Amino acid sequence: MNYIFYFLIVGSIVIGAITGRLSDVVNSILTGAETSVKVAFSLIGIMAFWLGIMRIAEKSGIVEWISKVIKPITKWLFPEISEDSEALGDVAMSFSANALGLTNAATPIGIRAMEEFQKVNKDKTSASNAMCMFLAMNTAGFQLIPATVIAVLIGIGYKNPTEIIAPTLLVTTIAFLFAIFMAKMFAKLWKKQSDLSGGNE
Amino acid sequence: MFQNLMNLISLWALPFLIITILTAALIKKVPVYETFTDGAKDGFKVAVNIIPYLVAIMVGIGMFRASGAIELVTNTLGSILLKLNIPSETLPLMIVRSLSGSAALGVFSDIANSFGPDNYATKLSAVMVGSSETTFYVLAVYFGAIGISRLRYAMLVGILADIIGIVAAIFVCAKMFL
């Protein structure tokens, strides 16, 4: 991450100087900073709503019930996480919301799962295997219907916009399975998290 | 048929979820209002926690896009892509789709509008955008919310999955639409 950040900032300035767009690059600092705060603030309301609803779901035992139902899968995906952890119910609900294209609900629920993972994380500043697996599932962007894309296609007079659903689904499934496989593999190969408590991983 | 069914499910998923949760709570005698406000309190905290991570990522990506680096790559690789039957206009999309969701949608709209409905570039870019998630944004939001700064292999997996997605999109579209 340090190298990528360095490359993005310094590389952009150097490339901008070469292409003669240095002023655009400098201006984009302000725009980018402003947009990020806008994005974060626009999340507050919907985040509060879903965190509230999910707290009710937790208290009424629904999250726990879902965790139990999907145990066979999550046991394999998140071997380090205790089988009774409510995080697993959150993972399933966040994933389903994403698959249905309900990003507004998926993000707050996903963050709840990350918070649960963080509770049992040995090093609070570095990502645990469970977190990396959950992120891998998310970054592959598994979605059943690409609604926005279809809307654009309808807008330009595309005759049969639904014909892109099948190939899109196939592609996103391939990327999704590959991401899970990679996360599984790296969990074994990557340098282990430093254990601040002094035990073995 | 499949489309209609999916639309129906998408429309009803949230209302159904909310009704189920509230009804279950009522049966179990959970004080819904108090519990809701208690959980919702964290909304502000989480959103504010994300800001530093989001600023780092979005400023970096904004600068990168403004620098003209993407056009530079497109011009250099364009002729090679043409030989592989890949419209060079889709190259900026391949780079941008991991970086910014709104930018990817913008590039896709441009391609769709300038090439029209029957063009291969439109179809390929539709599949590429539809099958992607803005990896960098997801990493910033999820890890930012809990204060993780060392991502270990999470970013590498995200980028590799994006690359696989692009390759898969090219193969699948070539088989189906060419």
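Chain A is the first sequence line, chain B the second, and so forth, proteins listed ahead of strands; every chain is numbered from 1. Computed from heavy atoms alone, side chains included, the values below leave out hydrogens, waters and symmetry copies. Remember, predicted model here, so these are calculated numbers, not experimental data.
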Original post:
Which atom names give the shortest non-hydrogen contact between Y153(B) and C132(A), and what distance separates them?
Top reply: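 Reported closest heavy-atom pair: CE1-CB, 3.4 Å.
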Original post:
Closest heavy-atom contact between E133(B) and N138(A)?
Top reply: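 Minimum heavy-atom separation between E133(B) and N138(A): CG-O, 3.3 Å.
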**OP:** For N2(A), look at atom CG and say whether over 12 heavy atoms of other residues, nucleotides or ligands are found less than 6.0 Å away.
**Re:** no
Original post:
Would you call E34(B) and K59(A) a salt bridge, taking side-chain N to carboxylate O under 4.0 Å as the test?
Top reply: no
Original post:
Should the pair R55(A)-D42(B) be classified as a salt bridge under the 4.0 Å nitrogen-to-oxygen rule?
Top reply: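 So R55(A) pairs with D42(B) through a salt bridge.
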Under 4.5 Å from any heavy atom of chain A - which part of [X]:
{"X": "M63(B)", "answer": "both"}
{"X": "F171(B)", "answer": "neither"}
{"X": "D118(B)", "answer": "side chain"}
{"X": "V172(B)", "answer": "side chain"}

Original post:
So T125(A) and R150(B), side chain to side chain donor-acceptor pair (under 3.5 Å) or not? Walk me through it.
Top reply: CA-CA 6 Å; T125(A) 61; R150(B) 277 180 294 143; 2.9 Å; yes
Subject >> Proximal component of F142(A), with respect to chain B [non-hydrogen, under 4.5 Å] >> reply: neither
**OP:** Would you indicate whether the side-chain heavy atoms of Y137(B) and V39(A) approach each other to under 4.5 Å?
**Re:** yes
Original post:
Below 4.5 Å, heavy atoms only, C-beta onward: do I156(A) and F115(B) meet side chain to side chain?
Top reply: no
Original post:
So F64(B) and F7(A), would you call those rings parallel, tilted or perpendicular, with 30° and 60° as cut-offs?
Top reply: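 The rings of F64(B) and F7(A) sit tilted, inter-plane angle from 30° to 60°.
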**OP:** Without swapping roles, check the side chain of T139(A) against the backbone of L139(B) for a donor-acceptor pair under 3.5 Å.
**Re:**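 The answer is no, because no donor-acceptor pair under 3.5 Å joins these two groups.
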